[in-house]
Enquirer: 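Please see the structure below; I have some questions.
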Amino acid sequence: MENFKKALLDLLKKDSRLWDEGKKELNETLLKDLIDKLDEKLIEVLLSDKETNKKFFVKVKDVYVLKQNELKFFIDENKLDNSYTQYQNKIGLKVGNKLLSERDEVVLDWPFKDCVLEGGMTKEDQKRNEIFFNEILAKDEIDRLFDPKALVNWKRYTAKGEEKIKALKRDKDGTIRENLIVKGNNLLVLHSLKEQFTGKVKLIYIDPPYNRSSDSFNYNDNFNHSTWLTFMKNRIKIAKELLSQDGAIFISIDEIELEYLKTLLDDQNIFGRENHVGTISVVNNLKGRSDDQFIATANEFLLVYAKNKKDFSMKGFELSETQRKEYDQEDEFGRFKEVGFRKTGKGWRRIDRRDMFYPIYYNPNTNEVSLDKKTGFDIEILPLTREGFEGRWRWGRDTFLKNMRKDILVKKVREMRSKAGPYRVFTKMRLNNDDGETRTLLPKSIWIDPRYDTAKGDRDLKEMIGENEFENPKPVDFVKDIIKIASDEGDIIVDFFAGSGTSGQAVMESKDRYFILCEQLDYIDSITLPRLKATIKKRKIDNTFICLELAKWNEEAKEKILKAKSLTELEKLFDELYERYFLNYNVKTKEFK
């Protein structure tokens, strides 16, 4: 049996998802999850070995069926070499094969996890009896739901007004290069965009309903946690497919669903914990909301996940005028400020990077430095703290040799009783790099700026259309800053909770980028579209956008029913409808027929 255990472990190592080479261990939690989901790749691996094939599969005619419980039991217990039984002499509530009293996990119960929630509506006050389509039991309904739908009523808007669309602008690879705003259910729209835009979107920014009773945008008043999570999961999962390998999603959310949403995004089948870039606290109301009962809320959050963190990169923010003034010295290579060459902060110790602990030799007569001890270079300087603890330099030897003449200087400082000695090494931090590009600042985990205040979002919308029916619309500058750090010229940005159209305005005011917006509520005609039209005119932007709609289900079928003049015609028509159309899931069609 021990030989079989080893053979099974070696077999499972072939699945790179399951084996952590660094920790030298198998991810059993993920393995059990893949077993439950009948993962094709895992089944293929298990079938490739005669022993596992024989032990964990039953053959029904020409089909091999995985014995899921037996495989999970083997993983949990590893006691299959005798007549050991999994039934213990204790009776009680169990999770898997262990009593709750023997486990210390906390389980988040999510009853609708395996469902799809359409969540469609056209008006804010519209009520629906939401249907949860189970992914196995209602597979036919889901397949129809996710089939690409027709997109109709295409109109292009320019600074001169509306014009006919003769052809779509595309790049040499065939990718559509137009600003698009689609009216319709965002779940259906996202699935309809798959064919054209899978792997082509650089940035997704969404500001979804926050699931609080005061939302101006409510589905059936406000969701409970499980319904809301199902609603978000269905949409985020398909949206991820649109992202390029170096793309990312930014999601605005407040404290009510922050932890739940992060747990969802951490799931391996969504984005995965390893692709969490960061969580940003955005101060959007410095005074705090006056209607809060206990703590006046002054901020909300921005969750950032990359599709593949290894491929993702983020640009920095421009320096403020005050920060630029800090570069107050200048030499023949440009402006700079002095920064200590000994590493401080995280990872400052010698043991953190041993290759960056080395002596620097200084010649006080010529103000030159060297890595070699030679005539005149009599002063040895080590990266020691004032107390004498061993640290490390900021650069390795090769980088030091390359830049020492231009960017390294040594000063004698007055520090009494310092074990580091009287000399300090500094590097010249340049305002501009060798290509002339100005230094930027890494985005911080807290964003505080008057431009992010909700009052600014209100003014932005009023400036464009003269009114605001939205509660706390996002400021344009806030979204523009996200676009600035997470996308490049020519990139496509998607927002499938378009709302008042802030993202569309932000993209048009950013250089050479394209948006795809989606909104299903009727205010798309009274607020979103007028805002985008006004942005082109008032900002005098040489830009256009196309508005289109998701074709309504069974529109043709409805017209045929209305035209029927007799029961005989209806009976004949129903045969056609039964075969060709999606009939309401509340109707038992066979009984009705």
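If you're wondering where the values come from, they're calculated on a predicted model, not measured in any experiment.
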Enquirer: Tell me, please, which residues at least two apart from Tyr157 pass ring pair (Phe, Tyr, Trp, His ring centres under 6.0 Å).
Expert: Phe545

Enquirer: Salt bridge (Lys or Arg N to Asp or Glu O under 4.0 Å) with Asp512: which residues, sequence neighbours excluded?
Expert: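 In terms of salt bridge (Lys or Arg N to Asp or Glu O under 4.0 Å), with neighbours along the sequence ignored, Asp512 is linked to no residue.
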
Enquirer: Which residues pass the side chain to side chain contact (heavy atoms under 4.5 Å, CB included) test with Ala298, sequence neighbours left out?
Expert: none

Enquirer: Just checking Asn433: does its CG atom have more than 12 heavy atoms from other residues, nucleotides or ligands closer to it than 6.0 angstrom?
Expert: yes

Enquirer: Among Lys484, Lys538, Lys540, Arg539, which residue meets the salt bridge (charged side-chain N to carboxylate O under 4.0 Å, His left out) test with Glu509?
Expert: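 Checked Lys484, Lys538, Lys540, Arg539 against Glu509; only one passes salt bridge (charged side-chain N to carboxylate O under 4.0 Å, His left out): Arg539.
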
Enquirer: Does Gln323 CD have over 12 foreign heavy atoms under 6.0 Å away?
Expert: yes

Enquirer: For Phe250 and Ala486, which heavy atoms make the closest approach, and how far apart are they?
Expert: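 Taking every non-hydrogen atom into account, CE1-CB, 3.6 Å.
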
Enquirer: Would you mind checking if Arg451 and Asp449 are paired as a salt bridge, meaning a charged N to carboxylate O distance below 4.0 Å?
Expert: yes

Enquirer: How about Glu40: does its CD atom have over 12 heavy atoms from other parts shown lying under 6.0 Å from it?
Expert: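 No, the 6.0 Å shell around CD holds no more than 12 heavy atoms from other groups.
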
Enquirer: Passes side-chain contact (heavy atoms from CB on, under 4.5 Å), Leu34 versus Arg17? Steps please.
Expert: CA-CA 10 Å; Leu34 295 178; Arg17 299 171 297 175; 3.8 Å; yes

Enquirer: Salt bridge between Arg289 and Glu471, side-chain N to carboxylate O under 4.0 Å?
Expert: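 No, Arg289 and Glu471 are not salt-bridged.
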
Enquirer: If I take atom CZ from residue Arg156 and atom CG from residue Leu168, how far apart are they, to the nearest 0.5 angstrom?
Expert: 7.0 Å

Enquirer: For Ile541, I'd like to know if atom CD1 has over 12 heavy atoms of other residues, nucleotides or ligands within 6.0 Å.
Expert: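 More than 12 within 6.0 Å, yes.
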
Enquirer: Atom CZ of residue position Arg273 - does it have more than 12 heavy atoms of other residues, nucleotides or ligands inside 6.0 Å?
Expert: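 Counting other residues, nucleotides and ligands, CZ of Arg273 stays at 12 neighbours or fewer.
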
Enquirer: So which atom in Ile249 and which in Leu243 form the shortest heavy-atom distance, rounded to 0.1 Å?
Expert: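 Looks like N-CD1, 4.3 Å.
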
Enquirer: Go through the structure and list residues passing side chain to side chain donor-acceptor pair (under 3.5 Å) with Asp453, not counting sequence neighbours.
Expert: none

Enquirer: Could you give the distance from CG (Leu30) to CD (Gln268), rounded to the nearest 0.5 Å?
Expert: 6.0 Å

Enquirer: Taking the side chain as every heavy atom from C-beta outward, state whether Thr440 and Lys315 have any pair of such atoms under 4.5 Å apart.
Expert: no

Enquirer: Please check this pair: side chain of Asn186 against backbone of Phe496, looking for a donor-acceptor N/O pair closer than 3.5 Å.
Expert: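 Yes, because the side chain of Asn186 sits within donor-acceptor range (under 3.5 Å) of the backbone of Phe496.
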
Enquirer: Any side-chain heavy-atom pair from Ile536 and Met508 closer than 4.5 angstrom?
Expert: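 With C-beta onward as the side chain, the pair touches.
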
Enquirer: Using the salt bridge (Lys or Arg N to Asp or Glu O under 4.0 Å) criterion, which residues pair with Asp458? Sequence neighbours excluded.
Expert: Lys462

Enquirer: Mind checking side chain to side chain donor-acceptor pair (under 3.5 Å) for Asp477 and listing every partner two or more places apart, or none if nothing turns up?
Expert: Lys456

Enquirer: Is the backbone N or O of Lys309 less than 3.5 Å from a side-chain atom of Asn275, with the two atoms forming a donor-acceptor pair by type?
Expert: yes

Enquirer: Can you name the residues that form a side chain to side chain contact (heavy atoms under 4.5 Å, CB included) with Lys572, not counting sequence neighbours?
Expert: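 Lys572 satisfies side chain to side chain contact (heavy atoms under 4.5 Å, CB included) with no residue once adjacent residues are dropped.
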
Enquirer: Who passes side chain to side chain donor-acceptor pair (under 3.5 Å) against Ser313, sequence neighbours left out?
Expert: none

Enquirer: Checking the side chain of Glu118 only, and the main-chain atoms of Asn185 only, is there a donor and an acceptor separated by less than 3.5 Å?
Expert: no

Enquirer: Rounded to the nearest 0.5 Å, what's the gap from CG on Asn269 to NZ on Lys37? Could you check?
Expert: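 Interatomic distance, Asn269 CG to Lys37 NZ, rounded to 0.5 Å: 3.0 Å.
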
Enquirer: Distance alone, cut at 3.5 Å: any donor-acceptor contact between the side chains of Thr454 and Asn285?
Expert: no

Enquirer: Sub-3.5 Å donor-acceptor pair from the side chain of Asp460 to the main-chain atoms of Val476, do we have one?
Expert: yes

Enquirer: Please name all residues satisfying side chain to side chain contact (heavy atoms under 4.5 Å, CB included) with Lys202, sequence neighbours left out, ordered by chain then number.
Expert: Ser244, Asp246, Ser487, Asp488, Asp491

Enquirer: Would Ser252 and Tyr205 count as a side chain to side chain donor-acceptor pair (under 3.5 Å) if you check the C-alpha gap in whole Å, the side-chain angles of each, and the deciding distance to 0.1 Å?
Expert: CA-CA 8 Å; Ser252 287; Tyr205 168 71; 2.7 Å; yes

Enquirer: Can any side-chain N or O of Trp228 pair as donor or acceptor with the backbone N or O of Pro209 at less than 3.5 Å?
Expert: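 Yes: the side chain of Trp228 pairs with the backbone of Pro209.
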
Enquirer: Please name the pair of heavy atoms, one in Ile492 and one in Val201, separated by the smallest distance, quoted to 0.1 Å.
Expert: O-CG1, 3.5 Å

Enquirer: Working to the nearest 0.5 angstrom, can you tell me the gap between Lys194 NZ and Leu242 CG?
Expert: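 Going from the NZ atom of Lys194 to the CG atom of Leu242 covers 9.0 Å.
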
Enquirer: Tell me if the CG atom of Asp171 is crowded by more than 12 foreign heavy atoms within 6.0 Å.
Expert: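 More than 12 heavy atoms, drawn from other residues, nucleotides or ligands, come within 6.0 Å of this atom.
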
Enquirer: Cationic tip of Arg513 within the cone over Phe515's six-membered ring, i.e. under 6.0 Å and within 45° of the normal?
Expert: no

Enquirer: Crowded around Glu489 CD? As in, over 12 foreign heavy atoms under 6.0 Å?
Expert: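 Count over threshold, so yes.
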
Enquirer: Going by the side chain to side chain donor-acceptor pair (under 3.5 Å) test, name the single residue among Asp207, Asn284, Thr502 that passes it with Lys474.
Expert: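 Output: one option passes, namely Asp207.
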
Enquirer: Does a donor on one side chain and an acceptor on the other come within less than 3.5 Å for Tyr452 and Asp481?
Expert: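 Present: a donor and an acceptor within the cut-off.
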
Enquirer: Evaluate whether atom CD of Glu44 has more than 12 neighbouring non-hydrogen atoms of other residues, nucleotides or ligands under 6.0 angstrom away.
Expert: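 Check fails, neighbour count at 12 or below.
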
Enquirer: What residues, two or more places apart in sequence or in another chain, satisfy side chain to side chain contact (heavy atoms under 4.5 Å, CB included) together with Ser48?
Expert: Leu11

Enquirer: Between Asp435 (side chain only) and Glu437 (backbone N and O only), is there a donor and an acceptor less than 3.5 Å apart?
Expert: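 Not at all, since once roles are kept as given, no pair shorter than 3.5 Å links the two residues.
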
Enquirer: Quick one, Leu12 and Leu46 - any side-chain contact, counting heavy atoms below 4.5 Å?
Expert: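 Touching, per the 4.5 Å side-chain cut-off.
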
Enquirer: Between Asp36 and Lys32, does any NZ, NE, NH1 or NH2 come within less than 4.0 Å of an OD or OE carboxylate oxygen?
Expert: no

Enquirer: Minimum heavy-atom separation for Glu469 and Glu467, please, with both atom names.
Expert: OE2-OE1, 3.6 Å

Enquirer: Output yes when a side-chain donor or acceptor of Asp39 lies under 3.5 Å from a complementary backbone atom of Lys41, and no otherwise.
Expert: yes

Enquirer: If I take atom CG from residue Leu190 and atom CD1 from residue Ile236, how far apart are they, to the nearest 0.5 angstrom?
Expert: 10.5 Å

Enquirer: Please answer whether the main-chain N or O of Cys115 pairs with a side-chain N or O of Thr230 as donor and acceptor at a distance below 3.5 Å.
Expert: no

Enquirer: Should the ring pair Phe497 and Phe231 be called parallel, tilted or perpendicular, given that the plane angle runs from 0 to 90° and is split at 30 and 60?
Expert: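 It falls in the tilted class, 30° to 60°.
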
Enquirer: Could you tell me whether the side chain of Glu549 and the main chain of Val152 form a donor-acceptor pair under 3.5 Å?
Expert: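 No: the side chain of Glu549 does not pair with the backbone of Val152.
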
Enquirer: Are the side chains of Asn179 and Thr544 in touch, meaning some heavy atoms are under 4.5 Å apart?
Expert: no

Enquirer: Are any side-chain N or O atoms of Arg531 and backbone N or O atoms of Ile465, one a donor and one an acceptor, separated by less than 3.5 Å?
Expert: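 Not a single qualifying donor-acceptor pair exists.
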
Enquirer: For Phe146, give me all partners under ring pair (Phe, Tyr, Trp, His ring centres under 6.0 Å), at least two apart in sequence or on another chain.
Expert: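 Counting only residues at least two positions away or on another chain, Phe146 forms a ring pair (Phe, Tyr, Trp, His ring centres under 6.0 Å) with His191.
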
Enquirer: Could you give the distance from CD1 (Ile253) to OH (Tyr260), rounded to the nearest 0.5 Å?
Expert: 12.5 Å

Enquirer: Just to verify, what does Arg459 make a side chain to side chain donor-acceptor pair (under 3.5 Å) with, not counting sequence neighbours?
Expert: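 Not a single residue meets the side chain to side chain donor-acceptor pair (under 3.5 Å) criterion with Arg459.
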
